[in-house]
Amino acid sequence: MLNKNCEKTMNVFLALDKNEHSPFSVLCHFLVCKKCRKNAIRIKTAEKIGVRDLSQPVSLSNQTLVSIMNNIDPSFLAKETKTMPFFSMVKWIVIGFFIVCLMLVFGIFFTISARQGMYAVATTTFAIVITAYCIFFVASNLDFFVKKLSL
């Protein structure tokens, strides 16, 4: 049987949101009270088991599944097959190298003193090209970034 202090501490612990830090008083109580500490560990373990994803992915090759989904939503296959075009990493590196080479060439031939208007247009154009290049690179390789960076 838990005493009043234990009940109060467990109520504070149970009122916490997910991943919220426990107050210092609760942590101190858990250090001294073995029953409350065990209860808190059991609660956390049960929460982890309950939150675990229990669904299993099903491939779209199952014709029954495809026909059921087409009856529910006729545009189902169109949604599932729509992906961004894939460009290999070699093409991205070649295009990036080409952009850097063009920047060097224009940097050498367009000096700040000569044709300042043309220099501003060239630098602005390169800024837009580099920004677009980075946006398309990240957007087309989003799976890679999500998997490797654990986002």
Side-chain angles (χ1 to χ4, degrees), residues 8-31 36-151:
K8 180 182 169 193
T9 303
M10 288 307 291
N11 285 338
V12 171
F13 176 74
L14 292 172
L16 295 173
D17 288 335
K18 192 178 214 174
N19 296 327
E20 185 179 356
H21 293 292
S22 301
F24 185 70
S25 61
V26 173
L27 294 176
C28 289
H29 182 81
F30 286 163
L31 284 175
C36 291
R37 183 173 55 245
K38 280 187 177 181
N39 284 341
I41 290 171
R42 287 180 184 145
I43 290 169
K44 285 287 189 183
T45 305
E47 181 185 10
K48 285 180 185 175
I49 291 171
V51 171
R52 187 175 59 199
D53 187 21
L54 299 176
S55 64
Q56 296 178 354
V58 178
S59 68
L60 289 178
S61 61
N62 187 347
Q63 289 301 325
T64 308
L65 174 68
V66 172
S67 64
I68 291 171
M69 289 306 295
N70 277 332
N71 287 338
I72 294 171
D73 183 12
S75 64
F76 170 71
L77 283 178
K79 291 178 188 173
E80 291 297 317
T81 56
K82 193 187 309 181
T83 58
M84 289 193 70
F86 176 74
F87 295 106
S88 69
M89 201 58 79
V90 174
K91 289 182 181 179
W92 284 108
I93 292 171
V94 169
I95 292 169
F97 183 73
F98 180 70
I99 291 172
V100 170
C101 289
L102 281 178
M103 284 176 49
L104 290 174
V105 167
F106 279 109
I108 292 170
F109 290 115
F110 288 112
T111 60
I112 296 176
S113 60
R115 298 185 189 169
Q116 287 189 6
M118 191 63 175
Y119 182 76
V121 169
T123 53
T124 304
T125 303
F126 276 118
I128 292 170
V129 167
I130 290 172
T131 303
Y133 174 80
C134 292
I135 289 171
F136 287 123
F137 177 75
V138 170
S140 65
N141 295 307
L142 200 55
D143 313 355
F144 170 78
F145 290 113
V146 168
K147 289 177 186 172
K148 294 295 181 184
L149 301 177
S150 301
L151 296 175

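Here the NZ atom belonging to K44 is positioned 5.0 Å from the CZ atom belonging to F13, to the nearest 0.5 angstrom. With rounding to the nearest 0.5 Å, the separation of OG1 in T125 from CD1 in I130 is 11.0 Å. Here the CZ atom belonging to F137 is positioned 14.5 Å from the NZ atom belonging to K91, to the nearest 0.5 angstrom. Atom CD of E47 is separated from atom CD1 of I49 by 11.0 Å, given to the nearest 0.5 angstrom. One finds the CZ atom of F30 at 9.0 Å from the CD1 atom of I41 (value rounded to the nearest 0.5 Å). For the atom pair C36 SG and I43 CD1, the distance stands at 9.5 Å (nearest 0.5 Å).
When every heavy atom of Y133 is checked against every heavy atom of I93, the shortest pair comes out as OH-N, 4.4 Å.
Of the options V100, V94, L102, a side chain to side chain contact (heavy atoms under 4.5 Å, CB included) to F98 is made by L102 and by none of the others.
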### Task
For S22 and L16, run side chain to side chain contact (heavy atoms under 4.5 Å, CB included): C-alpha distance rounded to whole Å, both residues' side-chain angles, the deciding distance at 0.1 Å, then the answer.
CA-CA 7 Å; S22 301; L16 295 173; 3.5 Å; yes

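Annotation: side chain of S25 is not in contact with side chain of T9 (no heavy-atom distance under 4.5 Å).
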